[in-house]
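This report refers to the structure that appears directly beneath it.
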Amino acid sequence: MKRIERVFEYLQEVAKSQDGEKALTATAIADNLGILRSNVSRELNKLYRMGKIMKISGRPVLYKINDENINDKIEIKTVNKINKIDKSAFSDLIGAEDSLKTQVEQAKAAVIYPPNGLPNASVKPLNLFMEI
């Protein structure tokens, strides 16, 4: 029996015994099957790409059998989106979660720095044509 089949069968057994309510981590599956966690994670990702299991994002990532119920999938995606809502002025900035993430975090830190934010210097343009 291949490793991917063992992992999938174990998830099916757990789903039957728990009525599909319990999601497992790659570490828990690896411990129960006696397989390295990295190998289990690889197989779980293959099963996810094939659509046989569901992946619930978070820390740690949880996996469970795909029960073909579309409402559950929509609910999980909605819950994940609700958990990721960032209520700051920077959240609408393009690239705030990708390429500008470091800069946005630095700007947030500067704004909340006690007592009144970080001091900043405003530079005025020089007027070279001043009257004497």
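Please read all numbers here as calculations on a predicted model, not as lab measurements. Hydrogens, waters and symmetry mates play no part in the numbers below; they use all other heavy atoms, side chains included.
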Residues forming a side chain to side chain contact (heavy atoms under 4.5 Å, CB included) with [X], sequence neighbours excluded:
{"X": "Gln12", "value": "Phe8, Glu9, Ile65"}
{"X": "Asn32", "value": "Tyr10"}
{"X": "Leu62", "value": "Ala23, Thr25, Ile56"}

*Decide yes or no on side chain to side chain contact (heavy atoms under 4.5 Å, CB included) for Tyr63 and Leu24, but give the supporting numbers first.*
CA-CA 5 Å; Tyr63 298 92; Leu24 298 171; 5.7 Å; no
_Closest approach of Leu33 to Arg6 (non-hydrogen atoms, all atoms of both residues)_ = O-NH2, 2.9 Å
*Qualifying residue, where the test is side-chain contact (heavy atoms from CB on, under 4.5 Å) with Lys55 and the options are Asn66, Leu44, Asn45*: Asn45
*With sequence neighbours excluded, tell me which residues meet side chain to side chain donor-acceptor pair (under 3.5 Å) with Asp31.*
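Applying side chain to side chain donor-acceptor pair (under 3.5 Å) to Asp31 gives none.
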*Partners of Arg37 by side chain to side chain donor-acceptor pair (under 3.5 Å), sequence neighbours excluded?*
none
*How far does CZ of Arg49 sit from CG of Leu47, to the nearest 0.5 angstrom?*
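The CZ atom of Arg49 sits 9.5 Å away from the CG atom of Leu47.
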*Euclidean distance, Asn39 CG relative to Arg3 CZ, rounded to 0.5 Å*: 4.0 Å
_Partner residues of Lys46 under the salt bridge (charged side-chain N to carboxylate O under 4.0 Å, His left out) criterion, sequence neighbours left out_ =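 Lys46 satisfies salt bridge (charged side-chain N to carboxylate O under 4.0 Å, His left out) with Glu43 once adjacent residues are dropped.
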_Shared hydrophobic cluster for Leu36 and Leu11 (ILVMFWY, side-chain gaps under 4.5 Å)_ = no
